[in-house]
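Reading through the structure tokens given below for one structure.
Every number for a ligand or one of its atoms is a count from 1 in the order of the listing.
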Amino acid sequence: KVHHHKWEISYQFKSPDCLKKLAVTINGQTPGPTIYATEGDTVVIEVKNSLLIENVAIHWHGIRQIGTPWMDGTEGVTQCPILPGDTFVYRFLVDQAGTYIYHAHYGMQRSAGLNGMIVVKVPDGFKEPFTYDREHSILLNDWWHNSTYEQAAGLALPGKQFTWVGEPHSLLINGRGKFNCSLNVGGTCNSTNPECAPYMLTVVPGKTYRLRIASVTSLSALNFEIEGHSLTVVEADGHYVDPFVVKNLNIYSGETYSVILKADQDTTRNYWLASNVVSRKPGTPTGTGILHYYGVPRGRLPTNAPPVGPLWNDTMYRFNQSVAIHAHPSFIESPPSKSDRMINLLNTQNRVNGVMRWSINNVSFDLPHTPYLIALKDNLNHVFEQRSPPDTYDVKSYDIFIPPVNPNATRSNSIYKLEYGSVVDVILQNANTLTANNSETHPWHLHGHDFWVLGYGLGKFDPESDPKRYNLKNPILKNTVVVHPLGWTAIRFKADNPGVWAFHCHIESHFFMGMGIVFEEGVEKLGQLPKFIMGCGESKLGN
Ligand SMILES: O=C1O[C@H]([C@@H](O)CO)C(O)=C1O
């Protein structure tokens, strides 16, 4: 089956947290419409860019784009941006049931509001390893009142002019939050605006629900809780997991989960849905919604305060939840037992010519203006640096517990070329930032593949002993994985999807500040590239 969608992207005034702000919308909405399809279907989205003076590109996060690498929607990597007034038609196969998201992948545009969910159902007759009566989708986000231009410009300024984006003003649940309007006297905040009425999840007593939960936050790691109810985690990034019960779910930007919720508590009251910042010192109030028991007046708020989540700096709590996730016993896809190449990536915060950057093995990533896919196919070798970035750093002696001894890094747009069909291990190592006694959480997202999560550690990765402890028995497959503060995460994937694929921290400001790399594999296997992805930089429309 082919699903056709017609989207117009435009700026509109929106009040998701009660304060009026220009937001990038899809057909006037933010979040955008949910895309529904069944495994094996084709989705066609005709995107018209009606932003007045801004380009756009849309990434289908978690969709592997096997055979259609030019549909990945990553500006600078797989396509030229869509110019104002132009229309671009995305067309791709959804080959794997599960919960996915879409969002802008151009500059820091995602945080302006261009995001939404993709729900891919299992084919008729397929039995999932759990049952439920109904399903609902919950999209979590963080939200700022200043524009993404202001944010991006501030991050690019040198020295003291550097302006960090700061903690979000609000947390949104399905595009709804509540800013405290008394802090905006004389402004445009209106707490009675129906646009910021809390999201209400209505449940019928005794019924069972599948909640598809996704995070498109620009910065925040979140903890999601439904007051008084436990959640059974059953899916992560499109893969069934061995079910496990949590009081609340830590969810990092770019991740998706399905949880099972039973409406089995006191049916004479309503309960809070709560989204709290974890892993950074919170500066944002709890984002709330309502779990509404059918029969209770909709407007009746719980009289108690909403849940505040775990301690924000309880890394162990989050680490333990990460390691609790395993593949479902009936759906184990075993990883190859060995890898052909090991890439050790050290994540550090640095300065390059006075500008604050993030780097990987001391290389801070810059996107070129000619998309790699086109440059590689057309042998435009001069449009990006041809020297490969380093596969490793001084793993043995680098001290991750102190600010970098050499705070300088270089900027480069060089890429990693992978042998087609080879098995690649990547070990991501977090270190101390430029500030003493500080290390951050980074969710890394790989385009074009799912990878096995072989292991997590806190502290320094030991290349001798840690690989011996890798989970090769029932590792989960994911497209986004967290690296905990001062910790490491090891993943394995097969480089078998011809194309060029970004791999980066899903914190939007961090990728903007250089925290990412790009893999190339098997581009020579691709036929002629479609012309409509071309026309920018040195890629000529007529090529
Ligand atoms: O990239 C970042 O910069 C700031 C801070 O380190 C400098 O202001 C921060 O918290 C980040 O995550």
Side-chain angles (χ1 to χ4, degrees), residues 107-111 141-144 146 148-169 171 215-223 250-255 276-284 311-313 315 318 345-367 400-411 428-445 480-489 503-517:
M108 286 177 57
Q109 207 169 45
R110 184 175 96 220
S111 57
N141 201 2
D142 46 11
W143 190 250
W144 283 257
N146 35 347
T148 47
Y149 266 6
E150 189 181 328
Q151 292 191 354
L155 294 173
L157 290 170
K160 289 208 162 61
Q161 286 182 287
F162 170 84
T163 308
W164 173 238
V165 296
E167 294 305 309
H169 291 107
L171 298 176
S215 171
V216 283
T217 55
S218 291
L219 175 68
S220 313
L222 296 175
N223 177 275
N250 300 305
I251 178 164
Y252 305 92
S253 179
E255 285 191 317
N276 283 291
V277 169
V278 285
S279 102
R280 299 180 65 93
K281 189 158 195 252
T284 314
L311 278 179
W312 71 270
N313 54 359
T315 304
R318 280 175 278 121
L345 301 178
L346 176 69
N347 296 203
T348 53
Q349 196 182 29
N350 300 84
R351 277 196 193 84
V352 184
N353 298 326
V355 180
M356 174 95 73
R357 300 286 294 179
W358 287 89
S359 5
I360 308 308
N361 297 351
N362 261 22
V363 178
S364 187
F365 179 71
D366 276 320
L367 269 175
I400 63 160
F401 299 102
I402 56 169
V405 174
N406 168 18
N408 300 310
T410 52
R411 295 174 74 139
L428 293 155
Q429 172 75 62
N430 267 353
N432 201 100
T433 62
L434 286 168
T435 310
N437 302 313
N438 183 50
S439 182
E440 297 189 6
T441 298
H442 300 285
W444 276 73
H445 171 58
T480 306
V481 73
V482 63
V483 189
H484 291 289
L486 296 175
W488 57 266
T489 300
F503 181 45
H504 61 95
C505 176
H506 211 257
I507 292 175
E508 193 155 44
S509 47
H510 287 177
F511 183 48
F512 183 80
M513 294 161 83
M515 197 170 203
I517 61 172

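- Counting heavy atoms from C-beta outward, Tyr252 and Thr441 have side chains that approach closer than 4.5 Å.
- Looking only at heavy atoms of the protein, atom 1 (O) of ligand 1 is closest to Trp358 NE1, 2.8 Å.
- The CG atom of Leu171 lies 9.0 Å from the OG1 atom of Thr217; values are rounded to the nearest 0.5 Å.
- Partner His510 forms a side chain to side chain contact (heavy atoms under 4.5 Å, CB included) with one of His504, Arg357, Glu440 and no other, that one being Glu440.
- Numbered from 1 in the order shown, with element, the atoms of ligand 1 that lie under 4.0 Å from a heavy atom of Met513 read 1 (O).
- The backbone N or O of Thr435 lies less than 3.5 Å from a partner atom in the side chain of Thr433, making a donor-acceptor pair.
- The nearest heavy-atom contact from the protein to atom 10 (O) of ligand 1 is Arg280 NH2, 2.7 Å.
- Close approach of ligand 1 to Gln349 is summarised as follows: ligand atoms under 4.0 Å from at least one heavy atom of the residue are 1 (O), 2 (C), 3 (O), 5 (C), 6 (O).
- When the heavy atoms of Phe512, Trp164, Phe162 are ranked by distance to atom 2 (C) of ligand 1, first place goes to Trp164.
- Between Phe365 and Ile517, the closest side-chain pair of non-hydrogen atoms is not below 4.5 Å.
- Side-chain contact check for Arg318 versus Val278: some heavy-atom pair is nearer than 4.5 Å.
- In summary, the atoms of ligand 1 found under 4.0 Å from a heavy atom of Glu440, numbered by their order in the structure, are 9 (C), 10 (O), 11 (C), 12 (O).
- Heavy-atom proximity to Met356, at under 4.0 Å, picks out these atoms of ligand 1: 7 (C).
- Applying the 4.0 Å criterion to heavy atoms of His510 picks out, from ligand 1, the atoms 1 (O), 2 (C), 11 (C), 12 (O).
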